[in-house]
Structure formats: C-alpha cells, structure tokens
There are 2 protein chains.
Amino acid sequence: MSDPRSDPRQDILACACDLYLSRGLDGFSMRGLAKAVGVTAPALYRHYDGREAVLAAVMRQAYRAFTSYIYRALEAPTPLERLSRAGEGYLDFALEHPRWYAIMFSGPERLGMTKLPEDIEAMGCAIHQLWIDRVGECMRAGILADGEPLDTSLTMWAHAHGLVQLFHQGHLGKDVQAFRRMFQESGIRLMGGLGNEDFEAQNRGAPREPAARLQTTR
Amino acid sequence: MSDPRSDPRQDILACACDLYLSRGLDGFSMRGLAKAVGVTAPALYRHYDGREAVLAAVMRQAYRAFTSYIYRALEAPTPLERLSRAGEGYLDFALEHPRWYAIMFSGPERLGMTKLPEDIEAMGCAIHQLWIDRVGECMRAGILADGEPLDTSLTMWAHAHGLVQLFHQGHLGKDVQAFRRMFQESGIRLMGGLGNEDFEAQNRGAPREPAARLQTTR
DNA sequence: GTCTATAATCCGATAGAC
DNA sequence: GTCTATCGGATTATAGAC
C-alpha cells in the first residue's frame, strides 16, 4: 500500500538483481548490496531474513524472465512452430542472460540453501510442463517420433543445456553467432539421429516399456 | 630425489585433492589445507605460489584420472565397442567423481585463473581427440551416419554433459541407477533421432558445407 | 526503519626470526 | 623449511541507540 514507488523491498530486489547480474554469485554480498541500495547493511535485515532470502528473490526474478521468454512459444500457430519458438526462447534467454541462466540451473546448495522455495520450484514445473506439451503435440502431429513426451523432452533439454553450459564455460569459443549456428546444426543432427540408416531398424522395436518412470524434479 | 616418501609437494597435493574432493571449491582454503597437511599456512607458499597454483595442481590430477577412465576404451576390439567403452568411461567418471568432473568443466575464472595452464589444456585436447577418433572410425565402419566427426562428437558431448550436469545439480532425482538408465535410453534416442521417419528425407540434403569451422577450445 | 558499533569468523599473503 | 606474528581485507549477522 501507500506509495509503491518507494517500496523498500522492491528497491532492494532491483539492486540485488543488478548486483548479481553484474558481479556474479561470488561477488554478491549483503554489504555490497547495501552500498548499491544506499543504506547500511543492517537495514537490509529489516526486509529480508539474510543473504539466502535475497538470493531466493533474485532467483524468482530469473524464473519470471525465463518464463516470459518461453511463453512466447504459445503465440505461434502450429505445433512445429510452437516447439521451434520454445527452443529459440530457451537459447535467446541463455545467451542474453547468462547469469540468470546460471543461477536457475545451479544446485540449491551452491546458493546456501538446502532446497528451493516451493513457489520457485512450481515455476520450474510450469516451464517444464509447457515444454512437454509442445513435444507431445508435435508427436501427435507426426513431426516427432512417437514416444513418451517426457523422455523425448529430457533428451532435448540435456542437449540444449549441455551446449549452453559448454559455451558459457568457454569450451566452444567466444563467438555468439558461431555458437548459434552450432546449436542449430547440432539440433538438426539430434532430430535426424547420429546412427546410420539401419540403426532405427535395429532399435526401434527394443524393450519399450514406458521406461521406468523417471522422477524429474522440475 | 632423496626420500620420495616425504616429498612435501606431493604431500600437499594429496591433501589438497582430499580437501577439494571433500569440501568442494568454496570450502577450499590455504589455511584449511595447511591444517590438513599438519603445517602452518605460510609453509605452503614455499612449495606453491598460492591458492591458484595449488588448484591447478588439483585440476591436473582430475585430468589424469579422467584420462585413465577414457583410455580404457582403447582396449576394446571393435570400433563400436571402443566408442561405447569411451562413453561408459565418461559416465563412470562423472558419477564416481562428481567434484573432479565439476572442476574440469568449470570455467577457469571460477578458479581464479584467466586461462588454463598449457599442460592441462593439452590433456583436454588429447581426450577430445581420442573421442573424435572413436567417432570417426565408427563413421567409416558404417555405424554412425556420415558427417564431420568433430560435429557429431560435439552433439554427443553436449548431450552427455547436459545430462550429467542436470543430474549433479539435482534436477533429475537422486537415484544413480535410475539416472544410468535414463542416460542410456536417452543415448539410444540420440542415435535414432527424435524426428519422425521422414525427417531425414527432408533434411539430409540440407546445406551441407563443411560447416563454418567451429573452433573448439578443447 | 535506519543508524553506529561491534562481534565473530574467515580469507590470502608476507616479514622476519630460527 | 618451518615457525610466530601480523597486515589488510573480506564476510554474515546482531545489539542497541535514535
């Protein structure tokens, strides 16, 4: 209530995001944050329980940003375009906001938490579900090979995350445009399969129980 | 020379590895290391230039261990088995030594270095080359689809690294056995391709210039 | 709600005696 | 080659006055 223009929690959060995005996780301290906000460190504790709580709020922002990138997919008219746009959103977010990407996928303990706050985990589930839905409708449309959408989406996720991770850590050069090409070409290989033509014949009929249900956290 | 049993550098390195493996990168300090070795902190500086130098030595050990896992592949008699064994070695190492895996794939700046020591980078290249060779011989043997071995190996690497990373950060549950199954099944999907049967027909003849040569660092 | 002051730790690294 | 002592800095977090 009152003047939302000067909500202290909001000011702190905004500065916290700036600070994290510019200095990274290691360079993120309560003292530095206080300086950025323009108050002294103890004042922060009136609004947040401590460093961990602030970082959780920052992470929440990261999830919100990521969500906005992914949800663009729903505006496209066909299943294939929706899947494709979701993939573009994923890559755009990863490349435009590497620090946010990093905080989302770093384990909770790296942030000093034992587990993620529930609401954040819920956002992760929603994103994951949207992705699974896109895969599922592409299967029904005959664009993706039949299978369990969860399984297929895991393979796609791992492939994308692996590439992004390797690039961010400097193992694939520094040229963003070159990386985008690599990403796209690798995606085509993933769709077509790395095995030779008869690989399918050998393995398509393999033990195809609904696959020991893999409990994914997100 | 003299009594190798009490080479101080070796003692320090051994303790440094234990310390890193048990406490992680954040919990790794010169003071803690000194306590573990049984000396005081300044003594360490007689043998190593500082924290960065010690960490480089630890990382060197990680590369050596990784190399020993990967080189097992060469003992197998056929191209497919060699490729397969290399993959198993990769996964075994990642699951049995998550901290070593982590230090190898974290960017140099996270360790306080601007770039990796040359000898370590060379070990990385050797491993990478071995992997490319395995892929190449499988292509020639008609097991993998034709293509640039470097490209194909990148896709496989990204897929494997992505899965491992997601698992280590807790996004895929905690059950190692379940993860191994996921890893294997996802690998099969990667080989067979995620697209439906005619995907290949549509894309196999696509712009197939040797692909803007992607300069990989490793 | 914000301040000053401070507790209690931790860190990397160095000087100089032995 | 190792020690003591120390510099100079960082951090999270709290107590208590205003």
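Labels below follow one simple rule: chain letters A, B, ... track the order of the sequence lines, proteins then strands, and each chain is numbered from 1.
With rounding to whole Å, B:Asp11 atom CG is found 10 Å from D:dT2 atom P. Rounded to an integer number of Å, the gap from CG of B:Asp49 to P of C:dA13 is 9 Å. Regarding B:Tyr48, its OH atom lies at a distance of 15 Å from the P atom of C:dA13, rounded to whole Å. Distance CG (A:Leu44) to P (C:dT4): 13 Å, rounded to an integer number of Å. Rounded to whole Å, the distance from CZ on A:Arg51 to C1' on D:dA13 is 13 Å.
No more than 12 heavy-atom neighbours from other residues, nucleotides or ligands sit within 6.0 angstrom of CZ on B:Arg23.
Side-chain atoms of A:Glu81 and A:Ser84 include no donor-acceptor pair closer than 3.5 Å. Counting only N and O atoms by type, the side chains of A:His159 and A:Ser186 include a donor and acceptor under 3.5 Å apart. Using modelled atom types and a 3.5 Å distance limit, the side chains of B:Gln184 and B:Arg181 yield no donor-acceptor pair.
Non-hydrogen atoms lying under 4.0 Å from DNA chain D are contributed by nothing in residues 52-60 of chain B. A heavy atom lying under 4.0 Å from DNA chain D marks the following residues of residues 22-41 of chain B, by number: B:Val39, B:Thr40.
Considering only residues two or more places apart in sequence or on other chains, A:Arg180 meets the salt bridge (charged side-chain N to carboxylate O under 4.0 Å, His left out) condition with A:Asp92. For B:His97, the ring-ring contact (aromatic ring centres under 6.0 Å, His included) partners two or more places apart in sequence, or in a different chain, are B:Tyr69, B:Phe93, B:Trp100.
Between A:Phe66 and A:Tyr71, the gap from one ring centroid to the other reaches at least 6.0 Å.
A:Asp26 and A:Arg110 are joined by a salt bridge, as a carboxylate oxygen and a charged side-chain nitrogen come within less than 4.0 angstrom of each other.
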- [ ] Show your working on ring-ring contact (aromatic ring centres under 6.0 Å, His included) between B:Phe105 and B:His168 and close with a plain yes or no.
- [x] CA-CA 13 Å; B:Phe105 289 99; B:His168 279 162; over 10 Å; no

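Contacts classified as salt bridge (charged side-chain N to carboxylate O under 4.0 Å, His left out) and involving residues 40-62 of chain B (residues at least two apart or in different chains) are given here: B:Arg60-B:Asp119.
Annotation: cation-pi geometry satisfied between A:Arg9 and A:Tyr48 (NZ/CZ under 6.0 angstrom from ring centroid, within 45° of ring axis).
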Please write out the pairs of protein N or O atoms and N or O atoms of nucleotides 16-18 of chain C separated by less than 3.5 Å, giving the distance to one decimal.
none

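Ranking C:dT2, C:dT14, D:dC3 by closeness to the B:Ala43 side chain, first place goes to D:dC3.
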